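The model shown is predicted, which means the values in this text are computed figures rather than measured ones. Just follow the structure's listing: the first ligand is 1, and inside any ligand the first atom is 1.
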Amino acid sequence: MTAQVVLPVADAVLDQVAAAVRTGLTARPKSLPPWLFYDEAGSLFFEQITELPSYYLTRVERGILAAYSRSILAQAGDKRGLRIVELGAGSAFKTRVLLQAAIRRQSSVVYEPVDVSITALEAACQSIDRDLPEVQVVPRVMDYTRELKFDSAGASERRLVLYIGSSVGNFEPNEALHLLRRVRSRLRHGDGLLLGVDLAKDEDTLLAAYDDPERVTAAFNLNVLTRLNRELGADFDLDAFAHRVIWNQAASRIEMHLESQADQAVHIPALDLRIHLAQGETIHTENSYKFPRGGAEALLSAAGFTPVASWTDPRHWFAVTLGQVE
Ligand code: AVJ
């Protein structure tokens, strides 16, 4: 990628950051959208989170994909030539096991990773080219929450869209439905959507996943303030905020907050904005919805898919569910 391509994108991102921060920090209660976590440092923190003993999500989902990749692909109807699209592909680490199984079942597979991060896509392309040369990679720099365009597929090809990692859990239920309906509208008869969701479970396990003793998740949460200091010239004092995690049982979601440790004012020059925080007041930075069993099927149905199969782990901690376009 050349600098001419990258710079306008960076400008657009900065405008989006500014708009989102103004909206969130002038609202009551204060909030910031979770996509702000993923600057370069934040993406590295997230990669570290996925390797923490208490963050079971990645490990358990990878286990499900590894155990059932053949049956997942068979249900998705891969014998006709499969194009695997992945929304929010990132480093595509978990996807490899599925791609591997796909090349074992058929000679050619097209993989279309979609991500907002050019660096993540470049890394994904490189490692797949190196380790799985049979896979044809067609990367897409795209914010799938704003736009969604797929390459035109051949008449005999099927598309399998992967939306794994419980990324859908970051959205409010109505937003999630909206997003999946939009995905559905881009697909044809026979195409599928594979949805990975984290399931509701005991509170201690959930809290530990988001409040690890290694404090990586705390660093990930606080890093959003570092980002605002750098990109908007803000003067957040990181020592004046604490990482807080709540299990909101009624809403079935984990919430992450940054709690102000004192009465304080913060100046954000790029927004010409001064905000005040009372001691104990929080900035709500993330929701991570946990699904009931059968919840993914219900969401897929509401979005216009027919749920055809679901795979889980022995403890029922995570589910991977396939919906098909009839
Ligand atoms: C990437 C949205 C699935 O909600 O578990 C990890 C992000 N936040 N630790 C999640 C996250 C704190 C993660 N998702």
Chi angles and distances behind the side chain to side chain donor-acceptor pair (under 3.5 Å) call for Asp115, Ser117: CA-CA 5 Å; Asp115 207 284; Ser117 163; 4.6 Å; no
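Nearest non-hydrogen protein atom to atom 8 (N) of ligand 1 is Glu286 OE1, 2.6 Å. Counting only heavy atoms of the protein, atom 3 (C) of ligand 1 lies nearest to Gly165 O, 3.0 Å. Of the protein's heavy atoms, Ser288 OG, 2.7 Å lies nearest to atom 4 (O) of ligand 1.
For ligand 1, the atoms closer than 4.0 angstrom to any heavy atom of Ser166 are 3 (C). The distance from ligand 1 to the heavy atoms of Asn170 drops below 4.0 Å at these ligand atoms: 2 (C), 4 (O). Atoms of ligand 1 found under 4.0 Å from any heavy atom of Phe220 (numbered from 1 in listed order, with element): 8 (N), 12 (C). For ligand 1 and Tyr55, the ligand atoms under 4.0 Å from any heavy atom of the residue are 3 (C), 5 (O), 6 (C), 9 (N), 10 (C), 13 (C).
Between Gly169 and ligand 1 there is no heavy-atom distance shorter than 4.0 Å.
Between Lys290 and ligand 1, no pair of N/O atoms sits closer than 3.5 Å. Polar contact with ligand 1: absent for Tyr38 (N/O pair, distance under 3.5 Å). Residue Thr217 places no N or O, backbone or side chain, under 3.5 Å from any N or O of ligand 1.
Counting heavy atoms closer than 4.0 Å to ligand 1, residue Phe37 contributes nothing at all.
At a cut-off of 3.5 Å, with distance as the only test, no side-chain donor of Asp263 or Gln279 sits close to an acceptor on the other residue. Side-chain N/O atoms of Glu172 and Tyr289 include a donor and acceptor closer than 3.5 Å. In the model, Glu86 has a side-chain atom that pairs as donor or acceptor with a side-chain atom of Tyr111 under 3.5 Å. Side-chain polar atoms of Arg96 and Ser127 form a donor-acceptor pair below 3.5 angstrom.
A ring-centre distance under 6.0 Å is not found for Tyr56 and Phe318.
Considering Phe171, Tyr163, Trp35, Phe150 in turn, Tyr163 is the only one that fulfils the ring pair (Phe, Tyr, Trp, His ring centres under 6.0 Å) rule with Tyr144.
Taking all atoms of both residues into account, the shortest heavy-atom contact from Val21 to Leu36 is CG2-CD1, 3.9 Å.
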